[in-house]
Amino acid sequence: MKFDPAKPAIHGETLDTLTARLAEIGQPAFRAGQILDWLYKKRVGKWDEMTNLPRELRAWLEENFDLEPTSFVLDRQSGDETDKLLLALRDRSLIETVIIRAPMLGVGVDQSRKTICISTQVGCAMGCKFCASGLEGLKRNLSAGEIVHQLMQVCRQEDVKTPRARAELASFDNIVVMGMGEPLHNYDAIIRALTIVNAPWGLGFGVRRITLSTSGLVPRILQLADEPLGVRLAISLHGATDEVREQIMPINKRYPLAELLPAVRTFSEKKGRMVTLEFILIEDVNDSLDQAEKLRDIAYDLHAHVNLIPYNTVEGLPWKRPSVTRQEKFADVLYQRGVSVTLRREKGHDIAAACGQLRLQTEKQRDDGMPVTA
Ligand code: SAH
Ligand code: SF4
């Protein structure tokens, strides 16, 4: 059937919106629950598989909703640890969804902890200088349904691979909203998507296991602090002074540290939970011991956790990651004051796992006329 761009993805509907839509055509409320059950519990891929629905209702659904808003393009694996799914949207835009496994000694791949990294936009408007996602600006926002469907694609991939996946509703342990895009720049869609992911009639996934990362849109951080949804928050800090931060993150001009840090404190206090400060280490940009000391003071003061991430090189950009010794020296400054800090061993470096890179490579190939296949 021809794709109709005006047709919304069914995965963007909540129990309430779907019930209301069905009421308009005289369908009883329990039908909405049945449909959501087919989507999230039984995970069917065709309307006709929803066998307890009347035939005319299935036809109406097919006419009015899109059941497959994303399609699988390729899965690039990096050892046992990272799977990067490249997905195509209906308008042929490409997005990335990453499965990161933390294998544990003595257990099979089935038992490893899995974190899923989802995208929220095609491209990004924030223009951070080090990031592949921002290089070509923002193409468009993802809809709530497109955001949720990434997780359905993950479930589908995992269903084939592991018995654990088949046995559970969502066979992963954490979701991080750290893929392509600035989630708080697509606020309504991400809130709706995470509400669906969390709801008992949706994926039933605990909000405490969801972390949203932002480059620091202050008014939206404050709005998020007032949402009932209790997701964890990570801030892309990447500079411990305005001078360093604004060199690499244009958003710092709009919302400098004097505004960002109090907003982080408000979030942390209102939600009663620790915020994570992400800090990519880039050689000769933000890896000095002076930056380490300032970061230490900020984290100590906010009672925040610090995640140090060695920079992942991006083709065409000049930035590099510092040596391991320098990374460790930087981390030591924080340890010594008792700040909670992790120095991340970057996963998937070899498969361009950082934000937006696989999509960029694939779009280049497509522009060069090369086929894009699995
Ligand atoms: N837009 C949001 C979330 C997506 S980016 C944000 O900026 O927080 C997720 C994380 O990946 C951010 O901390 C971002 O700064 C980081 N990142 C982007 N490019 C990177 C690279 N080349 N190497 C390491 N981390 C990168
Ligand atoms: Fe956008 Fe985040 Fe990349 Fe900055 S780091 S350009 S906010 S995706």
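Note that the coordinates shown come from a computational prediction; the quantities given were computed from them, not determined experimentally. All ligand and atom numbering here is 1-based and tracks the order in the structure.
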For ligand 1, which atoms, with element, lie under 4.0 Å from some heavy atom of [X]?
| X | value |
| --- | --- |
| Gly181 | 1 (N), 2 (C), 3 (C), 4 (C) |
| Thr214 | 6 (C), 8 (O) |
| Val314 | 22 (N) |

For Tyr187, is the OH atom crowded, meaning more than 12 foreign heavy atoms sit under 6.0 Å from it?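 It does: Tyr187 OH has more than 12 such atoms within range.
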Quickly, which of Ile99, Thr97, Thr82, Val98 forms a side chain to side chain contact (heavy atoms under 4.5 Å, CB included) with Cys117? Name it, please.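 Testing each of Ile99, Thr97, Thr82, Val98 against Cys117, the sole residue satisfying side chain to side chain contact (heavy atoms under 4.5 Å, CB included) is Val98.
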Within the structure, is a non-hydrogen atom of Ser236 found at a distance of less than 4.0 Å from ligand 2?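 Judged by the 4.0 Å heavy-atom criterion, Ser236 does not count as contacting ligand 2.
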Is Gly179 near ligand 1, meaning one of its heavy atoms is under 4.0 Å from it?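 Judged by the 4.0 Å heavy-atom criterion, Gly179 does count as contacting ligand 1.
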Selection from Arg321, Glu278, His238 by shortest heavy-atom distance to atom 15 (O) of ligand 1: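 Shortest heavy-atom distance from atom 15 (O) of ligand 1: His238.
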Should Phe65 and His11 be marked as a ring-ring contact (aromatic ring centres under 6.0 Å, His included) after you check the CA-CA gap, both sets of side-chain angles, and the distance that decides it? CA-CA 9 Å; Phe65 291 103; His11 300 85; over 10 Å; no
Check whether any side-chain N or O of Glu49 sits under 3.5 Å from a backbone N or O of Lys46 as a donor-acceptor pair, and report yes or no.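 A pair under 3.5 Å: yes.
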Can you list the atoms of ligand 2 that are under 4.0 Å from a heavy atom of Cys124?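 In order of number, 1 (Fe), 6 (S), 7 (S), 8 (S).
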Using a 4.0 Å cut-off to any heavy atom of Ser215, which atoms of ligand 2 qualify?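 Within the 4.0 Å cut-off of Ser215, ligand 2 contributes 7 (S).
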Is the Lys NZ or Arg CZ of Arg321 less than 6.0 Å from the centre of Tyr311's six-membered ring, within 45° of the axis?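 Judged by the rule, Arg321 and Tyr311 form no cation-pi pair.
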Hey, does the Lys NZ or Arg CZ of Arg209 hover above the aromatic six-ring of Phe205, less than 6.0 Å from the centre and inside 45° of the axis?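 Relative to the ring axis of Phe205, which defines the angle, Arg209 lies inside both limits.
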Check Cys131 against ligand 2 and report side chain, backbone, both or neither, counting heavy atoms closer than 4.0 Å.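 It is the side chain that gets close, since no backbone atom is under 4.0 Å.
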Separation of Asp242 CG from Gln247 CD (nearest 0.5 Å):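 Answer rounded to 0.5 Å: 11.5 Å.
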